[in-house]
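These notes concern the structure reproduced below.
Residue numbers begin at 1 in each chain, while the letters A, B, ... track the order of the sequences.
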Number of protein chains: 2
Amino acid sequence: MGHKPRKEMIAETRAKLVAAARHAFGTVGYAEASMDDFTASAGLTRGALYHHFGDKKGLLQAVIAEIDAEMLARLKIVSARADNLWQGFVDECTAYIEMALEPEIQRIVLRDGPAVLGDPSQWPSQNECIRSMSENLQKLGDEGTIVAVDPEAAARLVSGASLHAAQWIANSEDPEATSKKAVKAFNVLLEGLLKQGSRIGRPQAPAEIDKSLA
Amino acid sequence: MGHKPRKEMIAETRAKLVAAARHAFGTVGYAEASMDDFTASAGLTRGALYHHFGDKKGLLQAVIAEIDAEMLARLKIVSARADNLWQGFVDECTAYIEMALEPEIQRIVLRDGPAVLGDPSQWPSQNECIRSMSENLQKLGDEGTIVAVDPEAAARLVSGASLHAAQWIANSEDPEATSKKAVKAFNVLLEGLLKQGSRIGRPQAPAEIDKSLA
DNA sequence: ATAATGACATACGATGCGTATGTCAATTAA
DNA sequence: TTAATTGACATACGCATCGTATGTCATTAT
């Protein structure tokens, strides 16, 4: 009678390990997370971990890959539902900041990840997010909305600014006020990308970011 | 006969520990640096380390404080010798990127530091660099060169962009070409800060950054 | 001269990682 | 149907490292 098929059990084990590690990494951090502890919390031992992921770093990679996939999916949804390209780009930046405000992402992806796995610009997953942003910038260039500039370069600078803004906001005493200042300054910088003619309107900063902090 | 005074010996011991740790952290990284090893390389033991710095993290703090002081000093020199405020600000940003290209700074200050000590915007030292940049932006605002924007917010965004640009450049296959693209995009973003009238000239990007990569 | 402080070294216990080995179920082959 | 093999996972071991507790010796204070 129906004991679950092998492949499913294995996938389940991997998922349990990733979930347990993600929780541990996200709360106490990578270095402080004991493999014995969080494998046990998943009802397993380190044996399973080494079998499936090679070592602790391998597991961190798997956790980050999972988080990154979620981030990419969220970004795509955001940029897809805007009614023009520029707005889509701005919304995507805002979504980026919002995600970087989440403690789990901040801890695992933005702090421990780079320390353990090296420069994030070398990760395949992180590059997916950048690529998504680059594509938008490429289209904006073709469209003539922004000045001629290397899309990937701009995407990396903008994401860097976003991430730091998020860290600043998240650790601020008054996150709401800080968020307003950061978003304002962020939009000023983004306007540097716009061509002179397009700049007159001074497009408004999206206000959603404040809701997430209310 | 002149055995050195007590205070000097102690300062020397501390300096030796910081230097040894700085070297170890900068090469193999914080996590891989064995306290037994690098204290021994300084002709001491962990006893001295725990006595002076409390623990491994305390020593990392001391190392980062030393590096940060050097960074701040370099930034002040750069911004002081420019002939106008805007140029001084742009030069300071460029110097920031150049420093972030140095492997020791990248490893200790930009990767291991945040992972071990938390968000850099909370470090007293890192805030010194930001404050220096903020002051310049404040003056630029008073002067009427840039649009009204919170100086600290702008400083943090700009430094974030700089740091990510640096990581991208440093890990690129063709750092020189990448550097050109990054600097161009960086200047485009900075122009967003300039008031419409000031923007006509499209001030040129300083080229010094390319020299450091040649 | 003696007491007290403090700069360091040594000794110890605990924890955590990686590997080597063992076990048992599930697939495959005969 | 049964025997052989694979592979998922647990257990056991050795090693390195960290933090603390304790010891020693020189300097400074009384």
What does A:A33 touch in the nucleic acid at a heavy-atom separation under 4.0 angstrom: a base, only the sugar-phosphate, or nothing?
sugar-phosphate

Rounded to whole angstroms, how far apart are NZ on B:K16 and P on C:dC8?
9 Å

Nearest-nucleotide 5' precedence on DNA chain D, B:G47 against B:A31
B:A31

Of the nucleotides D:dC9, D:dG19, C:dG18, which one has an atom closest to the side chain of B:D55?
D:dG19

Separation of D:dA10 atom C1' from A:L17 atom CG, nearest Å, is 13 Å

D:dT24 P sits how many Å from B:H51 NE2, rounded?
18 Å

Select base, sugar-phosphate, or nothing to describe what A:T45 touches, counting heavy atoms under 4.0 Å on all strands.
base

Any N or O donor-acceptor pair linking the side chain of A:R46 to the base of C:dG18 at under 3.5 Å?
yes

So which nucleotide from D:dC9, D:dC18, C:dT19 ends up closest to the side chain of A:Y50?
C:dT19

Using whole Å, report how far CE of B:M9 lies from C1' of C:dA7.
10 Å

What's the closest nucleotide to the B:M35 side chain, out of D:dC9, C:dG18, D:dG19?
D:dG19

Go through the side-chain N and O atoms of B:E191 and B:N187 and say whether any donor and acceptor fall under 3.5 Å apart.
no

OP1 or OP2 of D:dC9 versus the side-chain N and O atoms of A:T13: is any pair under 4.0 Å?
yes

Are more than 12 heavy atoms from other residues, nucleotides or ligands located less than 6.0 Å from atom NE2 of A:H23?
no

Here the distance between atom P of C:dC17 and atom CG of A:L59, to the nearest Å, is 11 Å

Side chain of B:A48: nearest nucleotide among D:dG7, C:dC17, C:dA9?
C:dA9

Tell me: CG of B:L60 to C1' of D:dG19, nearest whole Å?
17 Å

Quick one: which of C:dA7, C:dG18, D:dC9 gets closest to the side chain of B:I10?
C:dA7

Check the phosphate of C:dG18 against A:K56, side-chain N and O only, distance under 4.0 Å to OP1 or OP2. Yes or no?
no

Shortest side-chain distance from B:H52, nucleotide among C:dA7, D:dC9, D:dC18:
C:dA7

For atom NZ of B:K7 and atom P of C:dC8, their distance in whole Å
11 Å

Any sub-3.5 Å donor-acceptor pair from B:D112's side-chain atoms to B:I108's backbone N or O?
no

Take atom CG of A:D36 and atom P of C:dT15, then tell me their distance rounded to the nearest Å.
11 Å

Just wondering, more than 12 heavy atoms not from B:K16 lying within 6.0 Å of its NZ?
yes

Contact check, side chains of B:L44 and B:L49, non-hydrogen atoms, under 4.5 Å
no

